[in-house]
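Taking it in order: structure first as C-alpha coordinates, then the write-up.
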Amino acid sequence: MDATYAVEMKSISKYFGGFCALDNVDLCVQKGEIHAILGENGAGKTTLMNILYGFYEADSGEVWTNGQKREIKTPKDAISLGIGMVHQHFMLVETYTVLQNIILGDEHIKGPGVIDYKKAKAEIKKLAEDYHFNIDLDAKIQDITVGMQQRVEIIKALYRGADILILDEPTSVLTPQEIEELIDIMHNMVQNVKTIIIITHKLAEIMKSADTCTVIRRGKNIDKVAVANTCEKDLAELMVGRAVEFTVEKQECRRGSALLQIDGLVVEDDRKIKKVDGLSLELFEGEILGIAGVDGNGQKELFEAVTSLRKAKSGSIRIDGQDIQNTSPRKTFEAGISVIPEDRQKSGLVLDFTIAENMVLEKVQNAPFSKHGILDWKVIRQNADKLTKEYDVRPDGSAGMRAGALSGGNQQKAIIAREISNDGRVLVAVQPTRGLDVGAIEFVHNAILSERDKGKGVLLISLELDEVLKLSDRVAVIYNGRIVNIIDAKDADEKRIGLLMAGGEGA
(Lines give C-alpha, C1' and ligand atoms only; values in the text may rest on other atoms or scores of the structure.)
Protein backbone atom coordinates (compact mmCIF):
# COMPACT_ATOMS: atom_id res chain seq x y z
CA MET A 1 0.00 0.00 0.00
CA ASP A 2 1.00 3.62 -0.64
CA ALA A 3 2.56 5.34 2.39
CA THR A 4 1.49 8.74 1.00
CA TYR A 5 -2.05 7.79 2.02
CA ALA A 6 -3.01 8.45 5.62
CA VAL A 7 -5.97 6.05 5.32
CA GLU A 8 -6.83 3.24 2.90
CA MET A 9 -9.95 1.18 3.40
CA LYS A 10 -10.34 -1.64 0.89
CA SER A 11 -13.53 -3.58 0.06
CA ILE A 12 -15.18 -2.83 3.40
CA SER A 13 -18.48 -4.63 4.00
CA LYS A 14 -20.65 -4.47 7.10
CA TYR A 15 -23.94 -6.18 7.90
CA PHE A 16 -26.36 -5.55 10.76
CA GLY A 17 -28.43 -8.70 10.79
CA GLY A 18 -29.73 -9.06 7.26
CA PHE A 19 -29.18 -5.37 6.43
CA CYS A 20 -26.11 -4.52 4.35
CA ALA A 21 -24.83 -1.14 5.59
CA LEU A 22 -21.62 -1.20 3.52
CA ASP A 23 -21.01 -3.19 0.35
CA ASN A 24 -17.32 -3.42 -0.70
CA VAL A 25 -16.62 0.26 -0.05
CA ASP A 26 -13.19 1.75 -0.81
CA LEU A 27 -11.75 4.93 0.69
CA CYS A 28 -8.31 6.44 0.03
CA VAL A 29 -7.33 9.60 1.92
CA GLN A 30 -4.13 11.46 1.05
CA LYS A 31 -1.94 12.69 3.88
CA GLY A 32 -2.44 16.37 4.71
CA GLU A 33 -5.77 16.81 2.96
CA ILE A 34 -9.35 17.51 3.97
CA HIS A 35 -11.35 14.60 2.57
CA ALA A 36 -15.17 14.74 2.61
CA ILE A 37 -17.38 11.66 2.71
CA LEU A 38 -20.69 12.66 1.17
CA GLY A 39 -23.90 10.67 1.20
CA GLU A 40 -27.60 10.64 1.98
CA ASN A 41 -28.92 9.94 5.46
CA GLY A 42 -28.27 6.26 6.13
CA ALA A 43 -25.82 5.89 3.23
CA GLY A 44 -23.19 4.30 5.51
CA LYS A 45 -20.84 7.27 6.04
CA THR A 46 -20.72 7.09 9.84
CA THR A 47 -20.64 3.29 9.81
CA LEU A 48 -17.52 3.42 7.62
CA MET A 49 -15.81 5.86 9.98
CA ASN A 50 -16.91 3.89 13.05
CA ILE A 51 -15.00 0.96 11.55
CA LEU A 52 -11.90 3.12 11.12
CA TYR A 53 -12.27 4.33 14.72
CA GLY A 54 -12.82 0.85 16.15
CA PHE A 55 -16.46 1.13 17.21
CA TYR A 56 -17.39 -1.59 14.72
CA GLU A 57 -15.44 -4.38 13.07
CA ALA A 58 -15.89 -4.87 9.34
CA ASP A 59 -17.28 -8.22 8.20
CA SER A 60 -14.75 -8.13 5.37
CA GLY A 61 -12.11 -5.84 3.93
CA GLU A 62 -8.84 -4.26 5.06
CA VAL A 63 -7.81 -1.06 6.84
CA TRP A 64 -4.39 0.51 6.25
CA THR A 65 -2.93 3.67 7.78
CA ASN A 66 0.34 5.29 6.72
CA GLY A 67 1.17 2.36 4.45
CA GLN A 68 0.66 -0.41 7.04
CA LYS A 69 -2.17 -2.89 7.47
CA ARG A 70 -3.95 -2.44 10.82
CA GLU A 71 -6.20 -4.44 13.12
CA ILE A 72 -8.46 -1.84 14.74
CA LYS A 73 -10.86 -3.54 17.12
CA THR A 74 -11.47 -0.78 19.67
CA PRO A 75 -11.26 3.01 19.86
CA LYS A 76 -8.19 2.52 22.03
CA ASP A 77 -6.50 0.81 19.07
CA ALA A 78 -7.44 3.73 16.83
CA ILE A 79 -6.18 6.34 19.30
CA SER A 80 -2.86 4.49 19.59
CA LEU A 81 -2.53 4.81 15.79
CA GLY A 82 -3.14 8.56 15.90
CA ILE A 83 -6.81 8.47 14.87
CA GLY A 84 -9.29 10.73 16.66
CA MET A 85 -13.02 11.15 16.13
CA VAL A 86 -15.41 13.97 17.01
CA HIS A 87 -18.91 12.55 17.01
CA GLN A 88 -22.04 14.34 15.81
CA HIS A 89 -23.49 14.10 19.33
CA PHE A 90 -20.69 15.18 21.64
CA MET A 91 -19.41 12.83 24.32
CA LEU A 92 -18.75 15.30 27.12
CA VAL A 93 -19.61 15.32 30.82
CA GLU A 94 -21.68 18.48 31.22
CA THR A 95 -20.93 19.01 34.92
CA TYR A 96 -17.14 18.72 34.41
CA THR A 97 -14.90 21.60 33.36
CA VAL A 98 -13.37 21.87 29.91
CA LEU A 99 -10.00 20.81 31.34
CA GLN A 100 -11.45 17.77 33.10
CA ASN A 101 -13.22 16.64 29.92
CA ILE A 102 -10.11 16.96 27.77
CA ILE A 103 -7.91 14.86 30.06
CA LEU A 104 -10.59 12.37 31.13
CA GLY A 105 -9.13 8.88 30.80
CA ASP A 106 -5.67 10.20 29.91
CA GLU A 107 -4.67 12.05 33.07
CA HIS A 108 -1.11 12.94 34.12
CA ILE A 109 -0.50 11.51 37.62
CA LYS A 110 2.04 13.15 39.93
CA GLY A 111 1.40 10.90 42.89
CA PRO A 112 -0.96 8.15 44.08
CA GLY A 113 -4.43 9.32 43.07
CA VAL A 114 -3.23 12.90 42.40
CA ILE A 115 -3.80 14.42 38.95
CA ASP A 116 -1.21 16.86 37.66
CA TYR A 117 -3.61 19.55 36.42
CA LYS A 118 -0.81 22.10 36.04
CA LYS A 119 1.08 19.97 33.51
CA ALA A 120 -2.10 19.11 31.60
CA LYS A 121 -3.13 22.76 31.50
CA ALA A 122 0.24 23.80 30.07
CA GLU A 123 0.05 21.15 27.31
CA ILE A 124 -3.51 22.09 26.38
CA LYS A 125 -2.73 25.82 26.32
CA LYS A 126 0.13 25.08 23.90
CA LEU A 127 -2.27 23.14 21.65
CA ALA A 128 -4.80 25.96 21.83
CA GLU A 129 -2.14 28.46 20.79
CA ASP A 130 -0.88 26.28 17.93
CA TYR A 131 -4.36 25.90 16.45
CA HIS A 132 -5.75 29.33 17.41
CA PHE A 133 -8.40 28.01 19.80
CA ASN A 134 -9.78 30.54 22.24
CA ILE A 135 -11.13 28.44 25.10
CA ASP A 136 -11.72 28.74 28.86
CA LEU A 137 -10.35 25.59 30.49
CA ASP A 138 -12.08 26.32 33.80
CA ALA A 139 -15.60 26.74 32.36
CA LYS A 140 -18.12 23.94 32.79
CA ILE A 141 -19.37 22.25 29.63
CA GLN A 142 -22.98 23.09 30.50
CA ASP A 143 -22.11 26.80 30.46
CA ILE A 144 -20.40 27.04 27.04
CA THR A 145 -21.84 27.20 23.53
CA VAL A 146 -22.26 24.19 21.26
CA GLY A 147 -19.53 25.54 18.99
CA MET A 148 -17.14 25.76 21.94
CA GLN A 149 -18.07 22.22 23.00
CA GLN A 150 -17.03 21.04 19.55
CA ARG A 151 -13.65 22.71 20.00
CA VAL A 152 -13.27 20.87 23.29
CA GLU A 153 -13.84 17.59 21.43
CA ILE A 154 -11.24 18.54 18.81
CA ILE A 155 -8.64 19.52 21.43
CA LYS A 156 -9.41 16.30 23.31
CA ALA A 157 -8.49 14.31 20.19
CA LEU A 158 -5.35 16.38 19.56
CA TYR A 159 -4.33 16.00 23.22
CA ARG A 160 -4.36 12.23 22.67
CA GLY A 161 -2.00 12.59 19.70
CA ALA A 162 -4.41 12.45 16.75
CA ASP A 163 -2.85 13.02 13.32
CA ILE A 164 -5.94 11.75 11.50
CA LEU A 165 -9.11 13.49 12.70
CA ILE A 166 -12.62 12.33 11.79
CA LEU A 167 -15.36 14.96 12.12
CA ASP A 168 -18.91 13.54 11.97
CA GLU A 169 -21.38 16.16 10.67
CA PRO A 170 -19.22 18.91 12.19
CA THR A 171 -21.39 21.86 11.16
CA SER A 172 -24.86 20.47 11.92
CA VAL A 173 -25.17 22.33 15.25
CA LEU A 174 -23.11 25.45 14.49
CA THR A 175 -24.09 29.00 13.66
CA PRO A 176 -22.90 30.44 10.31
CA GLN A 177 -20.12 32.34 12.10
CA GLU A 178 -19.00 29.19 13.93
CA ILE A 179 -18.98 27.27 10.64
CA GLU A 180 -16.58 29.81 9.12
CA GLU A 181 -14.37 29.58 12.22
CA LEU A 182 -14.36 25.76 12.05
CA ILE A 183 -13.33 25.81 8.38
CA ASP A 184 -10.45 28.14 9.28
CA ILE A 185 -9.46 25.76 12.09
CA MET A 186 -9.51 22.78 9.70
CA HIS A 187 -7.30 24.57 7.18
CA ASN A 188 -4.91 25.55 9.96
CA MET A 189 -4.74 21.93 11.16
CA VAL A 190 -3.90 20.69 7.67
CA GLN A 191 -1.09 23.25 7.51
CA ASN A 192 0.16 21.64 10.72
CA VAL A 193 0.42 18.26 8.96
CA LYS A 194 -2.90 16.82 10.12
CA THR A 195 -5.30 14.85 7.91
CA ILE A 196 -9.02 15.51 8.27
CA ILE A 197 -11.97 13.37 7.19
CA ILE A 198 -15.36 15.09 7.38
CA ILE A 199 -18.65 13.19 7.19
CA THR A 200 -21.23 15.56 5.78
CA HIS A 201 -24.01 16.27 3.34
CA LYS A 202 -23.65 20.07 3.38
CA LEU A 203 -22.51 20.84 -0.11
CA ALA A 204 -21.54 24.49 0.41
CA GLU A 205 -19.18 23.53 3.20
CA ILE A 206 -17.57 20.79 1.13
CA MET A 207 -16.89 23.36 -1.59
CA LYS A 208 -15.33 25.75 0.96
CA SER A 209 -13.27 23.27 2.96
CA ALA A 210 -12.48 19.96 1.24
CA ASP A 211 -9.82 18.92 -1.28
CA THR A 212 -11.39 15.59 -2.24
CA CYS A 213 -14.84 14.07 -1.90
CA THR A 214 -15.86 10.40 -1.85
CA VAL A 215 -19.56 9.86 -2.55
CA ILE A 216 -21.45 6.90 -1.04
CA ARG A 217 -25.04 5.95 -1.83
CA ARG A 218 -26.93 3.18 -0.03
CA GLY A 219 -23.70 1.59 1.19
CA LYS A 220 -21.86 1.59 -2.15
CA ASN A 221 -19.14 3.70 -3.75
CA ILE A 222 -20.47 6.10 -6.35
CA ASP A 223 -17.52 8.36 -7.17
CA LYS A 224 -14.41 10.13 -5.93
CA VAL A 225 -13.95 13.70 -7.16
CA ALA A 226 -11.55 16.60 -6.79
CA VAL A 227 -13.65 19.35 -5.21
CA ALA A 228 -11.99 22.05 -7.34
CA ASN A 229 -13.35 20.32 -10.46
CA THR A 230 -17.00 19.98 -9.41
CA CYS A 231 -19.97 22.04 -8.19
CA GLU A 232 -22.80 21.75 -5.65
CA LYS A 233 -25.36 20.70 -8.27
CA ASP A 234 -23.19 17.82 -9.54
CA LEU A 235 -22.38 16.65 -6.00
CA ALA A 236 -26.09 16.68 -5.09
CA GLU A 237 -26.94 14.54 -8.10
CA LEU A 238 -24.16 12.07 -7.28
CA MET A 239 -25.40 11.86 -3.69
CA VAL A 240 -29.12 11.22 -4.29
CA GLY A 241 -29.07 9.81 -7.82
CA ARG A 242 -31.30 12.48 -9.33
CA ALA A 243 -31.40 16.21 -9.99
CA VAL A 244 -32.21 18.23 -6.85
CA GLU A 245 -34.05 21.54 -6.78
CA PHE A 246 -32.30 24.10 -4.59
CA THR A 247 -35.15 26.60 -4.83
CA VAL A 248 -38.53 26.30 -3.12
CA GLU A 249 -41.69 26.81 -5.16
CA LYS A 250 -44.51 28.11 -2.98
CA GLN A 251 -48.00 29.43 -3.53
CA GLU A 252 -49.11 32.89 -2.47
CA CYS A 253 -49.74 33.04 1.28
CA ARG A 254 -53.45 32.94 2.16
CA ARG A 255 -53.34 34.30 5.69
CA GLY A 256 -56.34 33.58 7.92
CA SER A 257 -57.13 34.44 11.53
CA ALA A 258 -54.63 34.50 14.41
CA LEU A 259 -53.76 31.04 15.75
CA LEU A 260 -50.91 31.60 18.19
CA GLN A 261 -50.67 34.84 20.16
CA ILE A 262 -47.71 35.69 22.39
CA ASP A 263 -47.87 38.91 24.42
CA GLY A 264 -45.19 40.43 26.67
CA LEU A 265 -43.47 37.08 27.25
CA VAL A 266 -40.65 37.01 29.80
CA VAL A 267 -38.60 33.82 30.27
CA GLU A 268 -35.46 33.16 32.31
CA ASP A 269 -32.81 30.49 31.75
CA ASP A 270 -31.57 28.02 34.37
CA ARG A 271 -29.33 30.69 35.89
CA LYS A 272 -32.28 33.10 36.34
CA ILE A 273 -30.98 35.33 33.54
CA LYS A 274 -33.72 36.92 31.47
CA LYS A 275 -33.47 35.42 27.95
CA VAL A 276 -36.89 36.39 26.56
CA ASP A 277 -37.71 39.98 27.45
CA GLY A 278 -41.24 41.21 26.74
CA LEU A 279 -41.55 39.33 23.43
CA SER A 280 -44.78 39.61 21.43
CA LEU A 281 -45.83 38.09 18.11
CA GLU A 282 -48.79 36.56 16.28
CA LEU A 283 -48.88 33.49 14.03
CA PHE A 284 -51.76 33.29 11.56
CA GLU A 285 -53.51 30.45 9.76
CA GLY A 286 -51.89 29.58 6.44
CA GLU A 287 -48.52 31.21 7.05
CA ILE A 288 -44.97 30.35 7.99
CA LEU A 289 -43.49 32.80 10.48
CA GLY A 290 -39.71 32.44 10.58
CA ILE A 291 -37.65 33.43 13.62
CA ALA A 292 -34.20 34.63 12.55
CA GLY A 293 -31.43 35.38 15.02
CA VAL A 294 -27.93 34.57 16.17
CA ASP A 295 -27.94 31.55 18.47
CA GLY A 296 -28.38 32.44 22.13
CA ASN A 297 -30.76 35.37 21.68
CA GLY A 298 -33.71 33.64 23.33
CA GLN A 299 -34.83 31.18 20.64
CA LYS A 300 -34.38 28.16 22.89
CA GLU A 301 -36.28 29.69 25.80
CA LEU A 302 -39.05 30.94 23.49
CA PHE A 303 -39.55 27.44 22.12
CA GLU A 304 -39.50 25.90 25.59
CA ALA A 305 -42.08 28.38 26.90
CA VAL A 306 -44.44 27.87 23.93
CA THR A 307 -44.31 24.10 24.43
CA SER A 308 -44.50 24.30 28.26
CA LEU A 309 -41.05 22.80 28.73
CA ARG A 310 -40.05 25.90 30.71
CA LYS A 311 -42.09 28.17 32.98
CA ALA A 312 -42.51 31.74 31.80
CA LYS A 313 -42.13 34.54 34.36
CA SER A 314 -44.87 36.70 32.85
CA GLY A 315 -46.81 37.47 29.69
CA SER A 316 -49.28 35.22 27.91
CA ILE A 317 -49.34 32.44 25.29
CA ARG A 318 -52.67 31.57 23.66
CA ILE A 319 -53.73 29.25 20.87
CA ASP A 320 -57.14 29.98 19.36
CA GLY A 321 -57.73 32.20 22.39
CA GLN A 322 -57.01 29.34 24.85
CA ASP A 323 -54.35 30.13 27.48
CA ILE A 324 -51.65 27.43 27.40
CA GLN A 325 -48.89 29.24 29.24
CA ASN A 326 -47.21 27.24 32.03
CA THR A 327 -49.53 24.25 31.56
CA SER A 328 -47.77 21.06 30.38
CA PRO A 329 -46.46 19.51 27.14
CA ARG A 330 -49.53 17.26 27.17
CA LYS A 331 -51.89 20.27 27.37
CA THR A 332 -50.07 22.08 24.56
CA PHE A 333 -50.32 18.96 22.38
CA GLU A 334 -54.02 18.63 23.12
CA ALA A 335 -54.48 22.33 22.30
CA GLY A 336 -53.15 21.62 18.81
CA ILE A 337 -49.39 22.24 18.86
CA SER A 338 -47.08 19.74 17.15
CA VAL A 339 -43.36 20.09 17.85
CA ILE A 340 -40.18 19.29 15.95
CA PRO A 341 -37.63 19.85 18.75
CA GLU A 342 -34.10 21.17 18.37
CA ASP A 343 -32.38 18.10 19.85
CA ARG A 344 -33.74 14.90 18.35
CA GLN A 345 -31.98 12.62 20.82
CA LYS A 346 -32.70 14.51 24.05
CA SER A 347 -36.20 15.78 23.29
CA GLY A 348 -37.50 14.08 20.16
CA LEU A 349 -37.08 10.34 20.62
CA VAL A 350 -36.81 7.63 23.24
CA LEU A 351 -33.73 5.97 21.79
CA ASP A 352 -34.35 2.58 23.40
CA PHE A 353 -37.91 2.44 22.01
CA THR A 354 -38.62 1.18 18.51
CA ILE A 355 -39.52 3.59 15.73
CA ALA A 356 -43.08 2.22 15.87
CA GLU A 357 -43.32 3.10 19.58
CA ASN A 358 -41.80 6.54 19.00
CA MET A 359 -44.30 7.31 16.25
CA VAL A 360 -47.19 7.26 18.76
CA LEU A 361 -45.56 8.79 21.86
CA GLU A 362 -48.03 11.67 22.24
CA LYS A 363 -51.16 9.73 21.24
CA VAL A 364 -50.58 6.17 22.39
CA GLN A 365 -53.45 6.45 24.87
CA ASN A 366 -55.90 7.34 22.08
CA ALA A 367 -57.81 5.17 19.60
CA PRO A 368 -56.95 3.44 17.35
CA PHE A 369 -53.58 2.81 19.07
CA SER A 370 -55.13 1.63 22.33
CA LYS A 371 -58.53 0.65 23.69
CA HIS A 372 -59.41 0.48 27.39
CA GLY A 373 -55.72 0.82 28.22
CA ILE A 374 -54.64 -2.09 25.97
CA LEU A 375 -52.18 -1.26 23.18
CA ASP A 376 -53.02 -2.45 19.67
CA TRP A 377 -49.54 -3.36 18.45
CA LYS A 378 -50.76 -4.29 14.98
CA VAL A 379 -52.18 -0.79 14.41
CA ILE A 380 -49.08 0.82 15.94
CA ARG A 381 -46.84 -1.13 13.56
CA GLN A 382 -49.05 -0.38 10.54
CA ASN A 383 -48.94 3.34 11.39
CA ALA A 384 -45.13 3.26 11.57
CA ASP A 385 -44.78 1.23 8.35
CA LYS A 386 -46.92 3.80 6.53
CA LEU A 387 -45.03 6.83 7.88
CA THR A 388 -41.51 5.40 7.41
CA LYS A 389 -42.37 4.59 3.79
CA GLU A 390 -43.95 7.99 3.15
CA TYR A 391 -41.03 9.90 4.68
CA ASP A 392 -38.31 7.54 3.37
CA VAL A 393 -36.96 6.62 6.81
CA ARG A 394 -34.12 4.17 6.17
CA PRO A 395 -33.37 1.35 6.21
CA ASP A 396 -36.53 -0.08 4.70
CA GLY A 397 -38.62 -1.82 7.33
CA SER A 398 -37.13 0.31 10.14
CA ALA A 399 -40.41 0.44 12.13
CA GLY A 400 -39.26 -2.41 14.38
CA MET A 401 -35.73 -1.06 14.90
CA ARG A 402 -34.56 0.82 17.98
CA ALA A 403 -34.60 4.54 17.29
CA GLY A 404 -31.02 4.75 18.55
CA ALA A 405 -29.86 2.38 15.80
CA LEU A 406 -30.85 4.78 13.01
CA SER A 407 -28.60 7.46 11.57
CA GLY A 408 -29.13 10.99 12.87
CA GLY A 409 -30.79 12.12 9.67
CA ASN A 410 -33.23 9.21 9.67
CA GLN A 411 -34.05 9.88 13.32
CA GLN A 412 -34.92 13.44 12.25
CA LYS A 413 -37.14 12.21 9.42
CA ALA A 414 -38.98 9.91 11.85
CA ILE A 415 -39.73 12.87 14.17
CA ILE A 416 -40.94 15.01 11.27
CA ALA A 417 -43.17 12.17 10.04
CA ARG A 418 -44.71 11.79 13.52
CA GLU A 419 -45.28 15.48 14.16
CA ILE A 420 -46.83 16.26 10.80
CA SER A 421 -49.06 13.18 11.09
CA ASN A 422 -50.22 14.46 14.51
CA ASP A 423 -52.18 17.03 12.49
CA GLY A 424 -51.95 19.90 14.95
CA ARG A 425 -53.21 23.39 14.16
CA VAL A 426 -49.76 24.84 14.82
CA LEU A 427 -46.42 23.28 13.89
CA VAL A 428 -43.44 24.55 15.88
CA ALA A 429 -40.36 23.51 13.91
CA VAL A 430 -36.92 24.11 15.44
CA GLN A 431 -34.00 23.38 13.13
CA PRO A 432 -36.23 20.93 11.16
CA THR A 433 -33.60 20.01 8.56
CA ARG A 434 -30.61 19.74 10.90
CA GLY A 435 -28.54 16.75 9.82
CA LEU A 436 -30.52 16.09 6.63
CA ASP A 437 -29.11 15.65 3.12
CA VAL A 438 -30.22 17.90 0.26
CA GLY A 439 -32.76 15.39 -1.03
CA ALA A 440 -34.35 15.04 2.41
CA ILE A 441 -34.27 18.82 2.94
CA GLU A 442 -36.16 19.28 -0.32
CA PHE A 443 -38.78 16.75 0.89
CA VAL A 444 -39.13 18.33 4.36
CA HIS A 445 -39.43 21.85 2.99
CA ASN A 446 -42.24 20.71 0.70
CA ALA A 447 -43.94 18.92 3.61
CA ILE A 448 -43.82 22.08 5.76
CA LEU A 449 -45.17 24.17 2.89
CA SER A 450 -47.95 21.61 2.44
CA GLU A 451 -48.97 22.09 6.09
CA ARG A 452 -49.08 25.85 5.56
CA ASP A 453 -51.16 25.42 2.40
CA LYS A 454 -53.68 23.35 4.41
CA GLY A 455 -54.30 26.44 6.55
CA LYS A 456 -52.04 25.54 9.46
CA GLY A 457 -49.65 27.94 11.12
CA VAL A 458 -45.93 27.14 11.17
CA LEU A 459 -43.53 28.77 13.62
CA LEU A 460 -40.09 28.11 12.11
CA ILE A 461 -37.08 28.66 14.38
CA SER A 462 -33.86 28.05 12.46
CA LEU A 463 -30.24 29.18 12.58
CA GLU A 464 -30.09 28.56 8.82
CA LEU A 465 -30.89 32.04 7.52
CA ASP A 466 -31.19 30.68 3.99
CA GLU A 467 -33.86 28.25 5.19
CA VAL A 468 -35.79 31.00 7.00
CA LEU A 469 -35.76 33.20 3.90
CA LYS A 470 -36.78 30.34 1.59
CA LEU A 471 -39.76 29.12 3.60
CA SER A 472 -41.12 32.08 5.54
CA ASP A 473 -44.00 34.37 4.62
CA ARG A 474 -42.89 36.78 7.34
CA VAL A 475 -39.53 36.94 9.12
CA ALA A 476 -39.36 37.99 12.79
CA VAL A 477 -35.84 38.95 13.89
CA ILE A 478 -35.01 38.19 17.52
CA TYR A 479 -32.23 40.06 19.33
CA ASN A 480 -31.56 40.01 23.08
CA GLY A 481 -34.85 38.23 23.70
CA ARG A 482 -37.02 40.69 21.81
CA ILE A 483 -38.55 40.80 18.34
CA VAL A 484 -36.86 43.86 16.85
CA ASN A 485 -38.65 43.76 13.50
CA ILE A 486 -41.08 41.63 11.51
CA ILE A 487 -40.56 41.84 7.76
CA ASP A 488 -42.60 40.47 4.88
CA ALA A 489 -40.50 37.79 3.15
CA LYS A 490 -40.82 39.64 -0.15
CA ASP A 491 -38.93 42.56 1.37
CA ALA A 492 -36.36 40.49 3.27
CA ASP A 493 -32.79 39.86 2.17
CA GLU A 494 -29.73 38.42 3.90
CA LYS A 495 -28.02 41.79 4.31
CA ARG A 496 -31.01 43.48 5.95
CA ILE A 497 -31.86 40.51 8.18
CA GLY A 498 -28.20 39.99 9.09
CA LEU A 499 -27.89 43.61 10.21
CA LEU A 500 -30.95 43.28 12.44
CA MET A 501 -29.64 39.98 13.86
CA ALA A 502 -26.45 41.79 14.90
CA GLY A 503 -28.43 44.51 16.70
CA GLY A 504 -28.25 47.15 14.00
CA GLU A 505 -30.88 49.25 12.17
CA GLY A 506 -34.00 49.45 14.24
CA ALA A 507 -32.78 47.11 16.99
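Sequential numbering from 1 along the given sequence is applied to the chain's residues. Side chains included, hydrogens not; waters and symmetry mates left out as well; all remaining heavy atoms used.
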Locate the shortest heavy-atom distance separating [X] from [Y]; write the atom from each residue and the value.
X	Y	result
Ser338	Asn422	OG-CB, 3.5 Å
Ala335	Ile324	CB-CG2, 3.8 Å
Pro329	Leu309	CG-CD2, 3.9 Å
Leu265	Ala305	CD2-CB, 4.1 Å
Met359	Ala417	CE-CB, 4.0 Å
Asp320	Ala258	OD1-O, 4.2 Å

Practice task
Go through the steps to decide whether Lys202 and Glu169 satisfy the test salt bridge (Lys or Arg N to Asp or Glu O under 4.0 Å), and finish with yes or no.
Solution key: CA-CA 9 Å; Lys202 288 197 172 184; Glu169 299 291 352; over 6 Å; no

Exercise for the section: Please assess Asn480 against Asn297 for the test side chain to side chain contact (heavy atoms under 4.5 Å, CB included), listing each intermediate value before the final yes or no. Expected result: CA-CA 5 Å; Asn480 277 348; Asn297 274 275; 3.7 Å; yes

[X], [atom1]: over 12 other non-hydrogen atoms inside 6.0 angstrom:
X	atom1	answer
Phe369	CZ	yes
Lys454	NZ	yes
Phe443	CZ	yes
Tyr391	OH	yes
Ile374	CD1	no
Lys274	NZ	no

Whether the side chain of [X] engages the backbone of [Y] through a donor-acceptor N/O pair (distance < 3.5 Å, no angle test) should be reported.
X	Y	value
Asp473	Cys253	no
Lys300	Glu342	no
Gln411	Leu406	yes
Gln299	Ile461	no
Glu40	Arg217	no

Using distance alone, with no hydrogens and no angle criterion, decide if [X] and [Y] have a side-chain donor and acceptor under 3.5 Å apart.
X	Y	value
Ser370	Gln365	no
Glu467	Thr433	yes
Ser316	Arg318	yes
Thr332	Thr307	no

Could you pull out every donor-acceptor pair under 3.5 Å between side chains of residues 132-139 and any protein atom, sequence neighbours left out?
from   : atom 1 : to     : atom 2 : distance (Å)
Asp136 : OD1    : Asp138 : N      : 3.0
Asp138 : OD1    : Lys121 : NZ     : 3.1
Asp138 : OD2    : Lys121 : NZ     : 3.4

Charged N to carboxylate O under 4.0 angstrom, [X] versus [Y]?
X	Y	answer
Arg310	Glu268	no
Glu153	Lys156	yes
Glu252	Lys490	yes
Glu285	Arg254	no
Asp352	Arg402	yes
Arg381	Asp385	yes
Asp269	Arg271	yes

Problem - Test log, rule side chain to side chain donor-acceptor pair (under 3.5 Å), inputs Asn410 and Ser407 - result: CA-CA 5 Å; Asn410 281 292; Ser407 70; 2.9 Å; yes

[atom2] on [Y] to [atom1] on [X], rounded to 0.5 Å:
X	Y	atom1	atom2	answer
Asp376	Gln382	CG	CD	8.0 Å
Glu357	Leu349	CD	CG	12.0 Å
Ile483	Leu281	CD1	CG	5.5 Å
Ser421	Leu387	OG	CG	4.5 Å
Leu38	Met239	CG	CE	5.0 Å
Arg255	Arg474	CZ	CZ	5.0 Å

Problem - Working for side chain to side chain donor-acceptor pair (under 3.5 Å), residues Glu282 and Gln261 - result: CA-CA 5 Å; Glu282 282 187 312; Gln261 296 171 302; 2.9 Å; yes

Exercise for the section: For Glu419 and Glu362, run side chain to side chain contact (heavy atoms under 4.5 Å, CB included): C-alpha distance rounded to whole Å, both residues' side-chain angles, the deciding distance at 0.1 Å, then the answer. Expected result: CA-CA 9 Å; Glu419 295 305 318; Glu362 297 110 328; 2.6 Å; yes

Practice task
Test the Lys14-Phe16 pair against the cation-pi criterion, namely NZ or CZ under 6.0 angstrom from the six-membered ring centroid and within 45° of the ring axis.
Solution key: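 Flagged: Lys14 positioned over aromatic ring of Phe16.
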
Exercise for the section: Verify side chain to side chain contact (heavy atoms under 4.5 Å, CB included) between Ile497 and Val477, making sure each step is shown before the conclusion. Expected result: CA-CA 7 Å; Ile497 299 296; Val477 182; 4.0 Å; yes

Exercise for the section: Take Glu442 and Arg242 through the salt bridge (Lys or Arg N to Asp or Glu O under 4.0 Å) test and state the conclusion after the steps. Expected result: CA-CA 12 Å; Glu442 180 186 42; Arg242 60 175 176 82; 2.9 Å; yes

Exercise for the section: Go through Lys250 and Lys470 one step at a time and tell me if the side chain to side chain contact (heavy atoms under 4.5 Å, CB included) criterion holds. Expected result: CA-CA 9 Å; Lys250 59 182 181 181; Lys470 276 183 182 178; over 6 Å; no

Practice task
From the options Ile141, Ile102, Leu104, select the one residue that forms a side-chain contact (heavy atoms from CB on, under 4.5 Å) with Leu92.
Solution key: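 The passing option is Ile141.
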
